Amino acid sequence: QRDSDTNMRRLQWTEADFDLPTGILRLLTLLPADKRTYIMYHGTTQSRAQSILANGFRQSQGGMLGPGVYLSRDLEKASRYPVGHPEWDKVVIKVKVNVGRVKVINRKNHPLQMTWHYYGYDTAWVPPNCGMVNSGLEENCVWDPRRIEIIRLIRPTVNPVQLAFQILHIVTRINNL
């Protein structure tokens, strides 16, 4: 496992607002229900977030589920992206998504894994712990970016436990000099 995963994270991802608009759901149901609207998250860099705010989301050229906008209802999952990028430059975009018709893709090499949209589905959903995503967390791919409404950006905050540990370490080193 990577150092950033095994050590405490210096930054943490939290939301201050817990009140949701009427009709909007958090991760309360395992399977996203057809024609429902959910709060989801998209992890990206600070500069890409500014571009998305200015121009909206665009379909990726590809990915595990083909073209689309990749999102998760799990803030922790989204906060890991882009993988390998410095955490201080990451941001998560909180969005509201009407998922339309949802296709469950629950295994590698699923017959509709790359073609779900051609069968009238608006969103492909990969369940947690099905072996398709290394993290074991869910993944959603929304075909049409117009189904996504940006709510706000979430930036990481300093993890107080990690900060206290770093201060203690510095003080200990100074005292041992």
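Small disclaimer: the values here were computed from a predicted structure and weren't measured. As a basis for the values below, the full set of heavy atoms in this structure was taken, side chains included, without hydrogen atoms, waters or symmetry mates.
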Is L112 reachable from Y70 through a run of I, L, V, M, F, W or Y residues, each pair having side-chain heavy atoms under 4.5 Å apart?
yes

Shared hydrophobic cluster, L137 / W125 (ILVMFWY, side-chain heavy atoms < 4.5 Å):
no

My understanding is that only residues two or more places apart in sequence, or in another chain, count here; which of them pass side chain to side chain contact (heavy atoms under 4.5 Å, CB included) with [X]?
X   : result
Q46 : D89, V91, R155
L53 : Q50, I150, L153
S51 : R48, N55

Could you tell me whether the side chain of [Y] reaches within less than 4.5 Å of the side chain of [X], counting heavy atoms only?
X    : Y    : answer
M40  : K94  : no
D144 : D122 : no
P67  : Q61  : no
P127 : E138 : no
V142 : V97  : yes
L65  : W116 : yes

Check against side-chain contact (heavy atoms from CB on, under 4.5 Å), K77 and V133:
CA-CA 10 Å; K77 164 86 188 268; V133 180; 3.6 Å; yes

Does Q113 use its side chain to pair, donor to acceptor, with the backbone of M64 at less than 3.5 Å?
yes

All side-chain hydrogen bond (donor to acceptor under 3.5 Å, both in side chains) counterparts of H117, not counting sequence neighbours:
W143

Check salt bridge (Lys or Arg N to Asp or Glu O under 4.0 Å) between D34 and all other residues, then give those that pass, not counting sequence neighbours.
none

Is the H42-F57 ring centre distance short of 6.0 angstrom?
yes

Going by atom type alone, with no hydrogens or angles, which donor-acceptor pairs under 3.5 Å involve a side-chain atom of residues 98-105 and a protein atom two or more places apart or on another chain?
| from | atom 1 | to | atom 2 | distance (Å) |
| --- | --- | --- | --- | --- |
| N98 | OD1 | G100 | N | 2.9 |
| N98 | OD1 | R147 | NH1 | 3.2 |
| R101 | NH1 | Y119 | O | 3.3 |
| R101 | NH1 | G120 | O | 3.4 |
| R101 | NH2 | Y121 | OH | 3.3 |

Derivation and outcome, side-chain contact (heavy atoms from CB on, under 4.5 Å), residues H85 and K90:
CA-CA 7 Å; H85 195 78; K90 293 180 181 182; 4.1 Å; yes

Considering all heavy atoms of both residues, which atom of R73 and which atom of N140 are nearest to each other, and what is their separation?
N-ND2, 3.9 Å

For V69, run the side chain to side chain contact (heavy atoms under 4.5 Å, CB included) check against C141, P145, S60 and tell me which one passes.
P145

